[in-house]
Amino acid sequence: MELHFYNTMGRSMQLFTPLHDHHVGMYCCGPTVYNYAHIGNLRAYLFDDVLRRTLEYFGYDVTHVMNITDVGHLTDDEDEGEDKMLKSSRETGKSVWDIAAFYTEAFFHDIDSLHIKRPSVSCKATDHIQDMIALIKRLEDRGFTYEAGGNIYFSIDKFPDYGKLSMRDKQNLHAGARIAVDSNKRNPHDFVLWFTHSKFEHHSMLWDSPWGRGYPGWHIECSAMSMKYLGEQFDIHCGGIDHIPIHHTNEIAQSEAATGRKWVNYWMHNEFLIIGKGKMAKSSGEFLTLSVLVDKGYTPLDYRYFSLGGHYRSQLQFSYESLDAARKARENLYDRTLRLKEDASPCPFSQLGDKARTYLGHYEAALAYDLNTPKALSEMWMLLKDKDISPREKLTVLYKMDEVFGFNLEQLEQASVEVLDDEIMDLIKEREKARERRDWAKADTLRDLLLQRGISIKDTPEGTKWTKNV
RNA sequence: GGCGCCGUACCCAAGUGGUAAGGGAGAGGUCUGCAAAACCUUCAUGCACCGGUUCGAAUCCGGUCGGCGCCUCCA
């Protein structure tokens, strides 16, 4: 099936044609590990995951590269900017290296719990300083750089296509409108490739370079590492929509200036998660992490389902009301899956009827046309609710669909019955006796009591069943 | 000030000019001692508003109002 993706470069839907037949190289901007990821950040990695799984679903072999930015970069906060890693270090009393290690681990814990597949390569910036230096040297040799005030800058005026991705030529930019312009810059939009003149004292992450002891600019790591693992040209580069005007624009400039040819064919950007009024941001107000949601009784996969319910290029409105809806839907999906498993086993694809095939076809078409996960979910529900389709067909198609949804439904098992403490068991038994006596008032009182203890009671023809509320 | 995106039911949300997907909530029903669960039925003559193009517009064009993002680190 042909895949179409919306390419930010050109702002249009385009047929996806990889550079190499069945192989796709994709680079996704990863986290800066100076704090926990918030659920808005995580939306981006869920998008990466859906993209990767979709490519794999359609038979591509994907090399998925993601950076771990463990070199400090500037904060915002209307001050003159502080190094994020240093700030975190100062606040916690840990070394910057410890901070990076700690939050890297936290990050992987989060994405694992969201069933986001681990990237083929996760590369730390600090492990690739020499690659960055080599790339800066290439730029220097080709005359794209200048030194000023101890720093090495990229000169955007030497690169005619600068700003193509962000359509900057159409913009009346007010550089420095909100932040003082670095007086060393020849053009306000020039950017630093290598710092030797740190404006921060006690900068503990420093490396030797041909330009002196210092540290790399923010953008160079993505160019250096992506080219190292994917080659000087590759298929897809993704990231948050916020990266279009600065980060990705600068990446393109330095990469294409260094190699003298086109770098990336498809640029894909996810929109933001909106909470209340405005995006979720580490620096302002609402900062919800996955563990906050877990503490409130949601599972990470509730958030995964929530995220799949909106298209990646649309802002998604977060509220607990809509997260509740997602949780309920996910629970219903699990219940249906378990009941189907009790009734049937999957059948070979060759035994699928026309209707089942139609739903699967629509699902595939939805994903193939710019990753329309809400439409894909809708097809799944119509499949599950269609009375003309047998349980075994449903299971077969459901498992297939789940390859992209990523709930691991095939491995799903009835929650193992935890051993309840004796007191609770006694209450359940007492209630059963009351019911035998037809002492309904007593039975209902006990049911309420159990509910307060987090135990839900269901009286079925096969006897009383209970489940523990999460 | 410039650039971009968006406005679909109570909430979230899809919609590629051909007559409004899906989920959750709600309502009614079957079943049940009552519940719960399950199942059945129901839930936008309407897509911010006003014009226009068209045989036909949520979709295209213009305007108005409202929201969001970016131009600064950021997913």
### Message
I need the NE2-P distance between His38(A) and A75(B), as an integer number of Å.
### Response
6 Å

#### Entry: Sugar-phosphate, base or nothing in reach of Arg336(A), heavy atoms under 4.0 Å
sugar-phosphate

#### Entry: Contact letters for nucleotides 29-36 of chain B, in which S counts primed atoms plus P, OP1 and OP2 and B counts the base, heavy atoms under 4.0 Å
----BBBB

#### Entry: Over 12 foreign heavy atoms within 6.0 Å of CG, Asp354(A)
no

### Task
Give me the residues of residues 376-393 of chain A where at least one heavy atom lies under 4.0 Å from an atom of RNA chain B, by number, or none.
Ser378(A), Trp381(A), Met382(A), Lys385(A), Lys387(A)

#### Entry: N-O pairing of Arg52(A) and Asp49(A) below 4.0 Å
no

### Message
Looking at Arg313(A), I'd like to know whether one of its side-chain N or O atoms comes within less than 4.0 Å of OP1 or OP2 on G69(B).
### Response
no

### Query
Looking for any heavy atom pair under 4.0 Å, which part of the strands does Gly239(A) touch: base, sugar-phosphate only, or nothing?
sugar-phosphate

### Query
Tyr6(A) OH to U16(B) P: how many Å, rounded?
14 Å

### Task
Could you check whether His243(A) gets within reach of a base, just the sugar-phosphate, or nothing at all, counting any heavy atom under 4.0 Å?
sugar-phosphate

### Query
Between Lys394(A) and Asp386(A), is there a salt bridge with N-O shorter than 4.0 Å?
no

### Message
His38(A) and ring pair (Phe, Tyr, Trp, His ring centres under 6.0 Å): which single residue from Phe272(A), Phe287(A), Tyr303(A) fits?
### Response
Phe287(A)

### Message
Quick test of your reading of the model: are Asp112(A) and Lys117(A) salt-bridged, counting only N-O distances below 4.0 Å?
### Response
no

### Message
Closest-nucleotide mapping onto RNA chain B: is Arg11(A) or Ala326(A) further toward the 5' terminus? I mean the 5' end.
### Response
Arg11(A)

### Query
Across the strands shown, which category fits Tyr45(A) at heavy-atom distances under 4.0 angstrom: base, sugar-phosphate, nothing?
sugar-phosphate

#### Entry: Sugar-phosphate only, base, or nothing, as touched by Leu273(A) at under 4.0 Å among non-hydrogen atoms
base

### Task
Give the B/S/- string for nucleotides 6-15 of chain B, one per nucleotide from 5' to 3', where a protein heavy atom under 4.0 Å of the base yields B, of only the sugar-phosphate yields S, and otherwise -.
-----SSSSS

